[in-house]
Protein chains: 2
Amino acid sequence: MKLTSKGRYAVMALADMAQFNNVSPVSLRDISLRQGISLVFLEQIFSKLKKNEIVKSIRGTQGGYVLNGSPSQIKLTKILNAVNEEVKTLQCKKEIKKGCNGKLTKCITHNLWYELEVHINDFFEKKSLQDLIKKNTEQRI
Amino acid sequence: MKLTSKGRYAVMALADMAQFNNVSPVSLRDISLRQGISLVFLEQIFSKLKKNEIVKSIRGTQGGYVLNGSPSQIKLTKILNAVNEEVKTLQCKKEIKKGCNGKLTKCITHNLWYELEVHINDFFEKKSLQDLIKKNTEQRI
DNA sequence: GTATACTTGACTGATTTTGTCGGGTATATA
DNA sequence: TATATACCCGACAAAATCAGTCAAGTATAC
């Protein structure tokens, strides 16, 4: 499965944006400074976020990014899928040649990984950006 | 997080053993042939499984491995932890220097990854080898 | 027109994964 | 007791992936 820094940074950055949810756009430079993430790396990540219509961009001075929708509508699955391609545990396509093609034992674990995938996606589907920042402020009190 | 071929192979191999659950030990050679996994790689994996007391080894001709306990007692968490060291999503130890130390925004996502870890471990904790082979035979019918 | 900030693609160093190689040692069986 | 079988162990290496940089843009506010 795939759950890398790119995904974590994407969530962090968007949560940051949601937290500082001004009307005006947020520049990657600000996020970079606040969250300690490389600016150029953020650019890469936000390029994908934009393609997936999670954020909108505004160019030029005073430009930046704004969330495309309210924090409560943006589910984490969408974010993670955007930057990581997908959350995939199944790898049986490759292995169908060897062992997975039901000769004696079919890929016994096939279903397991599928279930896990569903389980994880469920988890992220239930979480929105709003949940994250709510939790964070609650804890700070 | 970590969920690699090693883990998948370990589960496959042990499920294979559980399925062909004879009294006599199962040789890695057989598993290798049945499941299409490299023998030498299996040796590496089983070395760890043995260290973690998931299997017992019997050396010599007619030797092999036997499950250390009944399939229903062997939970998948144990297997995956054995071969992969651990299932870890949290990476905040590294990041505590930058951004994660509650200056303005503390590591917003800290709790999220922790919850995910728990969620995944729950999943694997509830599954035993028995569940896998039961499911498999059910489906074959 | 200039500084700001987004846009894009190629590239690279480091790390991890997925194994292999080559040597062992123990033991059942003939 | 010889021998084949099977476990045991550490070093090594190719391939893939990750995390991030570099370079060269384009659009826009002021």
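Note on naming: letters A, B, ... go to the chains in the order of the sequence lines (proteins, then strands), and numbering restarts at 1 for each one.
To the nearest angstrom, P of D:dA29 lies 10 Å from CD of A:Gln62. In this structure, CZ of A:Phe41 is placed 14 Å from C1' of C:dG13, rounded to the nearest angstrom. Following rounding to the nearest Å, B:Leu42 (CG) and D:dC9 (C1') show an atom-to-atom distance of 16 Å. The CG atom of B:Asn84 sits 12 Å away from the C1' atom of C:dT18 (whole-angstrom rounding). As rounded to whole Å, 14 Å separates atom P of D:dA6 from atom CE of B:Met17. Rounded to whole Å, the distance from CD on A:Gln44 to C1' on C:dG9 is 10 Å. Remark: P of C:dC6 and CD1 of A:Ile45 are 14 Å apart, rounded to the nearest angstrom. Between B:Ile37 atom CD1 and C:dT17 atom P there is a gap of 18 Å when expressed in whole angstrom units.
No side-chain donor-acceptor contact under 3.5 Å links B:Asp30 to the backbone of B:Val26.
Taking 4.0 angstrom as the limit, A:Ser5 places a side-chain polar atom (N or O) nearer than this to OP1 or OP2 of D:dA19. At C:dG19, one or more side-chain N or O atoms of B:Tyr9 fall inside 4.0 Å of OP1 or OP2 (strictly under the cut-off). For A:Tyr65 and C:dT7, the shortest distance from a side-chain N or O to OP1 or OP2 is below 4.0 Å. Taking only side-chain nitrogens and oxygens, A:Thr4 never comes nearer than 4.0 Å to OP1 or OP2 of D:dT17.
Residue A:Glu43 places no side-chain atom within donor-acceptor reach of the base of D:dT21, judged by atom type and a 3.5 Å distance cut-off alone.
Using a 4.5 Å heavy-atom threshold, the side chains of A:Asn52 and A:Val83 count as separate. With contacts defined as side-chain heavy-atom distances shorter than 4.5 Å, the pair A:His119/B:His119 qualifies. B:Leu39 is not listed as a side-chain neighbour of B:Leu33, based on a closest heavy-atom distance of 4.5 Å or more.
Between B:Glu53 and B:Asn68, the side chains place no donor N or O within less than 3.5 Å of an acceptor N or O (distance only, hydrogens not considered).
Within 4.0 Å of B:Ser47, counting heavy atoms only, lies no atom of the nucleic acid at all. Residue B:Phe46 is out of contact with every strand shown, counting any heavy-atom pair closer than 4.0 Å.
Of the listed nucleotides (D:dC22, D:dC7, D:dA11), D:dC7 has the atom at the smallest distance from the side chain of B:Ser27.
When the nearest nucleotides of DNA chain C are assigned to A:Gly64 and A:Val40 by heavy-atom distance, the more 5′-ward of the two goes with A:Gly64.
Using a 4.0 Å cut-off on heavy atoms, the residues of residues 50-61 of chain B that approach DNA chain D are B:Lys50, B:Ser57, B:Ile58, B:Arg59, B:Gly60, B:Thr61, listed by number.
In this structure, B:Phe124 and A:Trp113 have perpendicular ring planes: the angle between them is above 60°, well past the 30° mark.
With sequence neighbours left out, the side chain to side chain donor-acceptor pair (under 3.5 Å) criterion links B:Ser128 to B:Asp131.
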